[in-house]
Structures are given as structure tokens and as C-alpha cells.
Amino acid sequence: MEQHAPEIGSRREQRGNILRLSLAQALAGANSTVIYATGAIIGAMLAPDKALATLPISIFVVGMAACILPTGKIAHHYGRRAAFLAGTVGGVLAGLLAALAVILGSFWIFCLATFFGGAYAAVVLSFRFAAADCVEPEWRPRALSIVMAGGVAAGVIGPQLVTFTMDLWPPHMFAATFIAQAVVAALSAIVLTGVRLPMPTTAELAGGRPLAVIARQPRFILAATCGAVSYMLMNFLMTAAPLAMRMCGHSQANSNLGLQWHVIAMYAPSFFTGRLITRFGAERVVAVGLALIGLSAAVGLAGIDVAHFWATLILLGVGWNFGFIGASALVLECHRPEEKTRVQALNDFLVFGTMAVGSFSSGGLLASHGWSSVLWVSFAPLALAVAALALSAVVRPSLSIERESA
């Protein structure tokens, strides 16, 4: 790990990078929040078949999965900042195309817009690894979580952006919202131009070990499994929740507010998640996260009042934070310095690819079997992640004993 030392800037530069990445996370997070708050509703308005209502959000997740490896290659060859700025272009396009789709009443243009929104979101999630790269090893979990904490502001900006702009253009509900979202993405690009990160070294360009070798590590398998399940379940339930609230007779304002508190719950724990990982270990933090996700589904099954939806979304947000950030910290233990961008991109590709499966199934399951079925199904992948954690707890001590005896 000592190979990182020459790349780390001064403390002032480190703080500046983390501050800018946190601010960019806050601005860029509004992109995802706006799409989640409106995607299923606009989908229901524009889709040729109501069963396709959540398809735009599924396409958003496909955009994340499809673009993470190409943007990883950009970061690998030209530096992370180049990848960041490419992502913000996708964010601007997402807003402008979505506004055009609403004006023209085109479902398929709206799906294209959400694809670009997913590309932007994929790049934004790499901010956490960029923050970890530019500090000393012992500060990495904390730097990672501090940048994620920028999403707290996104939890306020996104839903309020929807609430205050959705009716500004009366003939075209939400059109002004997406124009505003494009402006916010452009502001994020301006912030990111000030980030100072090292360009790829010769060793990084060489690439290190083959990805197949790295991906077979038990540690990487555990990290990818827990990260994928945490993110998939968060997306699976959050995709369906706004439309489920509307189906249960709740207002758009209540849906927006529930989503706002969900996003705040996703990111607010980041102020201390890094400290918890340092003190208790990433596996224990992930275990708590998975338990909270399970509890959120159980609360949702208890009733369909506004309070039940809000409690489900808040518990889901906190559970995602612990599960995903804990799994991200595990990823940092799986690669050498020269392998970081490739391994991190592979991890995120696996996470987002799994999310796409959950997102595509969520809308159809909600339409055909209702909200309670969506909640019950979430326990299956949760059990898989818990089993992976339990197996890791058994296998890792035995591996340590074997190494010591060798």
C-alpha cells in the first residue's frame, strides 16, 4: 500500500478534493432523486402499457451498468476528472431530453433520458473511491463516507426541486423540473473542474493482475455480493414505493416527502459510517445494514399508511448506507494500487448489473401482485447476502490459521 504515498497531495489539497467531491455529490445526487421521484409516475402517464410504468427507472439502472466500465476505462487512461466531466455531460443530456419527452409526450425519449441519467449516476458513485485514493490508507473509510455524506443535501435538493418546479409549466407537468435538473448537473461540472487528482501512473496503465484472478478472491466475492444485494434491494423497493403510495391513495406531496427522508437516511449516516468501519470492521457494519433492510421490509408489510411507507423508506436508506459503504470499504482491501480503477469499475458493474435485474422485476411485480409481494420477494436476496457474510466469518479465521502455520 506504500505505493500510494507519492500520489497523495498536501493536507490542504486533500481537504479541497474531499470538499469539492462532497459538494459535487450533493448536486449530482439530485439527478437520481428527481428520476426516482418522477420516473414511475411519468412512466404511467406516457407508457403504452401500464405494466411498463417503472421501465424508465429500470433503464436508468441499465445506464449505470452499461456505462460504468467505459467510464472506468476513461479514468484508467485519462484520469478520474476526465471521467467525472464526461458523466456531467450525461446529466445535462438527461435533464434536457426528459423535458423534451414530457413536452412531446414521448415515452421512449423519456427512457433515453433516464439512460443518460444512469450514466451520470454511475460516474457519481465513483466519487467515493476517488476520495479514498487521495488520502493515507488509515483515512480511506472516513474519506469515502464523508463524500457519500454529500448526498444528505441531495436528499433535500432533489425532492424540493420536484415540489417547487413540477407545476411551473402548467401544460407540461415536470418539464421545468428536468430543465432545472440539467442546470444543477452543469453546476456540478463547474465544481469538479477544481478537483486535483493524480493522472494514471505507468504501473496503473500496465494494469496489474488479470481481473479474473482478482474476482476469484473470497474477499472480493463477499464485497461484490453484499454491495450488489444492498443496492439492488434499495433500488427494488424505492422504485416501487412512489407508485405504490399513489396506488394506495396517498398524495404526490407525501410521496416526495417520503423519498426526501429516504435519501437523507441513505446519506446522513455517512458522517459516522467511516468511524464505525474503522472501529468495528466492515463486515459488522454490513451485517447491521442488511438487518435494517430486512426490518424495513417487515415494517412495510405491517401496513399501508403514510407512516408505514415513510418508516420503510427511512430504514431502507440507513440499511443501504451501512451495507453499501461497508461493502465499498471491503473492495479497497481487494486490489493493489495499480489495479484500483479496473477493480472498482468491475465491482460497480456487478452491483449495477444486479440492480438492473431487480429494477426490471419491481414494476411488473407491483402491477401484478401488489406492494406486499414486492416486500416479500426482497427477503430472498437478503438471505443470500447474510449467508455470504456468515460463510466469510467461518472461512476467514481458518485461512488466517493456515497462513500462520505455513
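Atom CD1 of Ile190 sits about 10.0 Å away from atom CG of Leu27, to the nearest 0.5 Å.
Shown here for Ala298 and Phe379, the closest heavy-atom pair between the two residues is N-CZ, 4.1 Å. Contact detail for Ala180 and Leu161: the closest heavy-atom pair is CB-CD1, 3.8 Å. The shortest non-hydrogen separation linking Val299 to Ala311 is CG1-CB, 3.8 Å. The two residues Leu313 and Leu259 have their closest heavy-atom pair at CD1-N, 4.3 Å.
Of the possible polar contacts, none joining the Thr88 side chain to the Ala185 backbone as a donor-acceptor pair under 3.5 Å is found. Between the side chain of Arg81 and the backbone N or O of Thr193 there is at least one donor-acceptor pair closer than 3.5 Å. Here the side chain of Ser230 pairs no donor or acceptor atom with the backbone of Gly227 at under 3.5 angstrom. With hydrogens and angles disregarded, no donor-acceptor distance shorter than 3.5 Å links the side chain of Gln181 to the backbone of Asn31. The main-chain N or O of Ile304 is found under 3.5 Å from a side-chain atom of His250 such that the two form a donor-acceptor pair. No donor-acceptor pair closer than 3.5 Å links the side chain of Ser392 to the backbone N or O of Ala388. A donor-acceptor distance shorter than 3.5 angstrom exists from the side chain of Gln217 to the backbone of Cys334, with no hydrogens or angles considered.
Within a 6.0 Å sphere centred on CZ of Arg284, heavy atoms belonging to other residues, nucleotides or ligands number 12 at most. The environment of Phe349 atom CZ is sparse: at most 12 non-hydrogen atoms of other residues, nucleotides or ligands sit within 6.0 angstrom.
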side-chain hydrogen bond (donor to acceptor under 3.5 Å, both in side chains) assessment of Asp348 paired with Ser126
CA-CA 8 Å; Asp348 284 354; Ser126 69; over 6 Å; no

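Ring geometry for Trp320 against Phe324 counts as parallel: the plane angle stays under 30°, on a 0 to 90° scale with 60° as the upper cut.
With respect to Asn347, the side-chain contact (heavy atoms from CB on, under 4.5 Å) criterion is satisfied by exactly one of Val351, Val343, Leu350: Val351.
Side-chain atoms of His262 and Ile314, non-hydrogen and from C-beta on, never get closer than 4.5 Å to each other.
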